[in-house]
Amino acid sequence: MAGVILSGVHKIYQGTEPLPRKWWEFWKPSGKPSEVHVVKGADLEIKDGEFLVLVGPSGCGKSTTLRMVAGLEEVTDGEIRIGEKVVNDVSPKDRDIAMVFQSYALYPHMTVAENMSFGLKLRKYPVEDIEARVKEAAALLDIGHLLERRPKELSGGQRQRVAMGRAIVRRPQVFLMDEPLSNLDAKLRVQMRAELQRLHHKLGVTTIYVTHDQTEAMTLGDRIVIMHQGHIQQCDSPLMLYEQPANLFVAGFIGSPGMNFLEADAKDGLAHHPLFTMELPVKARNLTGKITLGIRPQHLLMGSLEEGEVKLPATLEVVEPLGSENFFFCKLDEGAGQVTVRTDAATKRKVGDAILLRIRPDHVHIFDSNGEAVCHAKGEATAE
């Protein structure tokens, strides 16, 4: 096993940008050189045995980062280390990594056992060693009874286990996983998440996992890297990302449903919103101009106003009953925006009802005019 270090890693794709021209102007250049900067100065230290998740919206650079670690993409600038070795110019097969792709990439004409052992045969491992590794991985993944079947005879979850088994038999220093559960149905994804956690605890191999699903990220990762437009926004534990987001993007991305944002003006230690005025926390009292108040859906309360709270009148537009809880989607009075409220299942309201929401100031996150976090909700913060 080994840790992985990325130091100032960039990835730039060279291309051409089309130039306008008439159809008869065929002698003119069809485009001019252009660059697409996909990963912008990534700095990461992944500890030996850690399960690190890269998460973010499509196009944020997470898969490209993973592929650079794997050696499937060249690094434009910067350095990647696996263990003590700089691997920028090392071929993928010599990096001692194993990758699990979104598509299972199983050979259809081979049995499960042959698929799992194929890479070892190419490396000319002894037959006895190959058989022992395949049996060990099959037992670990509970697919021992499937070894003589072919991929077309397997379910999606079984195919995913075979793909995992093919990686496990390699006994690599690092596992790289690129959205391996995205082709499974919702119930099976939950099961496979639990399987991945069990496997990681048993094997202890350094794992870098890419997903666009924040639920996967929150449940699997020891630490999570949030990426956006090629930049690392924040790298922290799941709890800290939720309780102390570094900026508006992280705050809105982590949590389901996402954090509510209310635009306000800061002046003389107060936040002035069209529907209320609220005293700012000590750390935010020097702010002036535009700020953003962030409130989690569970912290928009309903019922009679209590001391120290501010009121937020709204109209209920949509109700989503989810069995154990409800989500209320509300339109604020005076066109002041929309918010989502999470309530227990016993709270009954009808679409069109006028609702008085309450905000406790100590449950509010404060972001400055640049979207950077100034202070966090006291009710959630666990560290300064």
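Gln158 places a side-chain N or O within donor-acceptor distance of the main-chain N or O of Ser155, the cut-off being under 3.5 Å. Put simply, the side chain of Asn260 gets close to the backbone of Thr340: a donor and an acceptor are under 3.5 Å apart.
A salt bridge does not link Arg159 with Glu153: every distance from a Lys NZ or Arg NE/NH1/NH2 to an Asp or Glu carboxylate oxygen is 4.0 Å or more. With respect to Glu79 and Arg81, a salt bridge is recorded, a charged nitrogen being found less than 4.0 Å from a carboxylate O. In this structure, Lys187 does not pair ionically with Asp185, as no charged nitrogen and carboxylate oxygen lie closer than 4.0 Å. Ion pairing between Arg285 and Glu279 holds under the 4.0 Å rule for side-chain N and carboxylate O. Looking at Asp142 and Arg161, no side-chain N of the basic residue comes within less than 4.0 Å of a carboxylate O on the acidic one, giving no salt bridge. A salt bridge links Glu306 with Arg358; the closest basic N to acidic carboxylate O contact falls under 4.0 Å.
For residues 2-12, every residue pair satisfying the side-chain hydrogen bond (donor to acceptor under 3.5 Å, both in side chains) rule, not counting sequence neighbours, is listed here: His10-His37.
Using modelled atom types, one finds no donor on one side chain facing an acceptor on the other under 3.5 Å when comparing Ser237 with Arg223.
In this structure, Leu122 shares a hydrophobic cluster with Tyr107, Met110, Phe118, the cluster being traced through Ile, Leu, Val, Met, Phe, Trp and Tyr side chains under 4.5 angstrom apart.
Stacking of Arg170 on the aromatic ring of Phe175 is not recorded, the 6.0 Å distance cut-off and the 45° axial limit not both being met.
Partners of Glu320 according to the salt bridge (charged side-chain N to carboxylate O under 4.0 Å, His left out) rule, which considers only residues two or more places apart in sequence or in another chain, do not exist here.
Classification of the Phe367-His365 ring pair by plane angle, with boundaries at 30° and 60°, yields parallel.
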> Does the side chain to side chain donor-acceptor pair (under 3.5 Å) test come out yes or no for Tyr209 and Glu179, once each step is laid out?
Replying inline: CA-CA 7 Å; Tyr209 186 102; Glu179 304 203 36; over 6 Å; no
